[in-house]
Amino acid sequence: MKRLLITIDGPSGAGKTTVSRRLAERLGYTYVDTGALYRAVALIALSEGCAPDDDTRLAEICRHLVLRFENSSKGPRLYATCLPVGMDGDDITERIRTPEIAMFASAVSARSVVREYLLGVQREMGKGGCVIFEGRDMGTVVFPKADIKFYLDADLDTRALRRYEELAARHAGAGLAEVREAMKKRDEDDSGRAIAPLRPANDAIRIDSMCLEIEQVVEAILLHIRAQAK
Ligand code: DC
């Protein structure tokens with residue numbers, strides 16, 4: 001089988017993470033959650049009191065930042081080094097999973113200094129293939145020549161309910177209406193920004209996950225991948 005580079009884009013709550021992880025397991029591929037990279041920048045900016053549009057300070061953070069994924073039995077973990085803020089290989093996997101960091105990540109992701117820095121990081125991770133990249137602009141900007149591109153979507157209510165149940169399972173406590181509003185705002189910001197907005201690549205295979213179980217989405221994607229890999 002060819003060493004493919006696969007991209008999966010789509011809005012939050014469309015099921016990209018679970019689908020990408022399962023696909024990576026089935027194919028023996030590496031999985032890269034690019035949203036986590038934006039969340040890492042957001043975590044540092046927030047903890048340093050840096051405004052999400054302060055390009056000078058964001059550039060400074062990015063200049064010193066080294067991000068590394070490592071696989072563990074509990075899934076991929078993200079480690080960050082940024083010596084000026086006292087981070088030296090810190091495991092930030094859990095710390096980046098808060099609604100506040102999600103909103104801040106969306107805000108810093110609209111800044112070109114951040115996108116340019118992460119563009120290089122992501123392309124480096126894609127060298128050699130056998131990778132599944134999950135994000136917003138994987139098929140449009142970061143890997144326009146990816147071997148196969150998917151765009152996973154579902155209506156806002158379905159996605160909000162999924163995210164609400166996920167947060168409830170972690171006792172994160174936000175109400176459904178609050179989760180839905182935050183998701184709507186983030187989608188609008190991610191789709192409406194000037195640089196690398198969320199949108200399907202022209203050559204992406206679009207899958208609506210609203211009426212499908214996760215495993216059905218995985219199977220549908222695998223069919224396309226196997227056809228492509230022949
Ligand atoms: O996938 P996520 O929810 O962890 O992403 C957090 C934010 O990061 C998202 O709201 C927009 C931004 N992001 C992006 O702009 N481009 C990507 N490839 C991935 C995430």
Side-chain angles (χ1 to χ4, degrees), residues 5-21 24 31-46 52-53 55 58 61-62 65 67 69 75-78 80 92-126 131-144 146 149-154 156 159-160 162-164 166-167 170 172 174 179-201 204 209:
L5 192 149
I6 300 164
T7 61
I8 303 189
D9 288 308
S12 47
K16 302 188 301 289
T17 302
T18 316
V19 166
S20 305
R21 275 192 187 199
Y31 155 64
V32 180
D33 168 10
T34 63
L37 305 175
Y38 288 91
R39 285 171 183 258
V41 175
L43 174 73
I44 297 173
L46 247 182
D53 58 352
D55 289 340
L58 286 172
I61 290 170
C62 290
L65 183 58
L67 293 166
F69 282 107
R77 307 206 64 83
L78 181 59
I92 58 167
T93 314
E94 266 88 39
R95 288 171 64 197
I96 58 173
R97 295 288 149 204
T98 70
E100 187 189 17
I101 296 284
M103 291 310 276
F104 213 83
S106 175
V108 298
S109 76
R111 312 307 299 177
S112 62
V113 281
V114 175
R115 296 210 81 84
E116 270 161 34
Y117 162 68
L118 289 179
L119 186 71
V121 171
Q122 292 164 118
R123 287 195 175 149
E124 190 59 37
M125 290 177 173
V131 197
I132 298 177
F133 280 92
E134 175 215 324
R136 303 289 190 289
D137 63 335
M138 296 296 102
T140 50
V141 175
V142 183
F143 298 110
K149 304 175 184 179
F150 297 93
Y151 189 87
L152 205 55
D153 207 349
L156 176 64
R159 293 186 290 112
R162 281 182 193 156
R163 182 54 48 87
Y164 165 75
E166 211 176 280
L167 288 168
R170 284 197 274 133
V179 171
R180 187 183 185 281
E181 266 324 288
M183 189 172 258
K184 185 163 174 268
K185 158 108 180 61
R186 197 145 71 92
D187 287 350
E188 284 166 3
D189 289 350
D190 292 345
S191 315
R193 67 182 175 221
I195 325 160
L198 166 68
R199 65 171 179 80
S209 73

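From a predicted model like this one, the values you see are computed outputs, not experimental measurements. Basis for what follows: all heavy atoms, side chains included, without hydrogens, waters or symmetry-related copies. For ligands, and for the atoms within them, numbers begin at 1 and follow the listed sequence.
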*Does the distance from a Lys or Arg side-chain N to an Asp or Glu carboxylate O, for D33 and R97, drop under 4.0 Å?*
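Salt bridge flag = yes for R97 with D33.
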*Identify whether the distance between the nearest side-chain nitrogen and carboxylate oxygen of D189 and K185 falls below 4.0 Å.*
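Yes, charged N to carboxylate O under 4.0 Å.
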*Which of the listed options, R97, R39, K16, R136, holds the heavy atom that is closest to atom 17 (C) of ligand 1?*
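The nearest heavy atom belongs to R136.
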*Hey, looking at atom 5 (O) of ligand 1, which of A102, G10, G35 has the closest heavy atom?*
G35
Considering heavy atoms of the protein only, find what lies nearest to [atom] and give residue, atom and distance to 0.1 Å.
atom: atom 8 (O) of ligand 1; answer: Y38 CB, 3.5 Å
atom: atom 19 (C) of ligand 1; answer: T34 OG1, 3.5 Å
atom: atom 16 (N) of ligand 1; answer: R115 NH2, 3.1 Å
atom: atom 6 (C) of ligand 1; answer: R186 NH1, 3.4 Å

Per-atom contacts, ligand 1 versus [X] - under 4.0 Å to a heavy atom:
X: M138; value: 18 (N)
X: D137; value: 16 (N), 17 (C), 18 (N)
X: G135; value: 18 (N), 19 (C)
X: S109; value: 11 (C), 12 (C), 15 (O)

*So among R186, R39, R136, which one has a side chain to side chain contact (heavy atoms under 4.5 Å, CB included) with S106?*
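The residue from R186, R39, R136 that satisfies side chain to side chain contact (heavy atoms under 4.5 Å, CB included) with S106 turns out to be R186.
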_If you define the side chain from C-beta out and look only at heavy atoms, does anything of I6 sit under 4.5 Å from V131?_
no
*Sequence neighbours left out, what passes ring-ring contact (aromatic ring centres under 6.0 Å, His included) with Y31? Give chain and number order.*
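ring-ring contact (aromatic ring centres under 6.0 Å, His included) list for Y31, sorted by chain: empty.
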*asked:* Applying ring-ring contact (aromatic ring centres under 6.0 Å, His included), can you list everything that pairs with F133, at least two apart in sequence or on another chain?
replied: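 F133 satisfies ring-ring contact (aromatic ring centres under 6.0 Å, His included) with F143 only.
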*Distance-only donor-acceptor check, side chains T34 and E134, under 3.5 Å*: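 Judged by distance alone, the side chains do not pair up.
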*Give a yes or no answer on whether the side chain of S209 reaches the backbone of A14 with a donor-acceptor pair at less than 3.5 Å.*
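Between the backbone of A14 and the side chain of S209 there is a qualifying donor-acceptor contact (under 3.5 Å).
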*Determine whether any heavy atom of R193 lies closer than 4.0 Å to an atom of ligand 1.*
yes
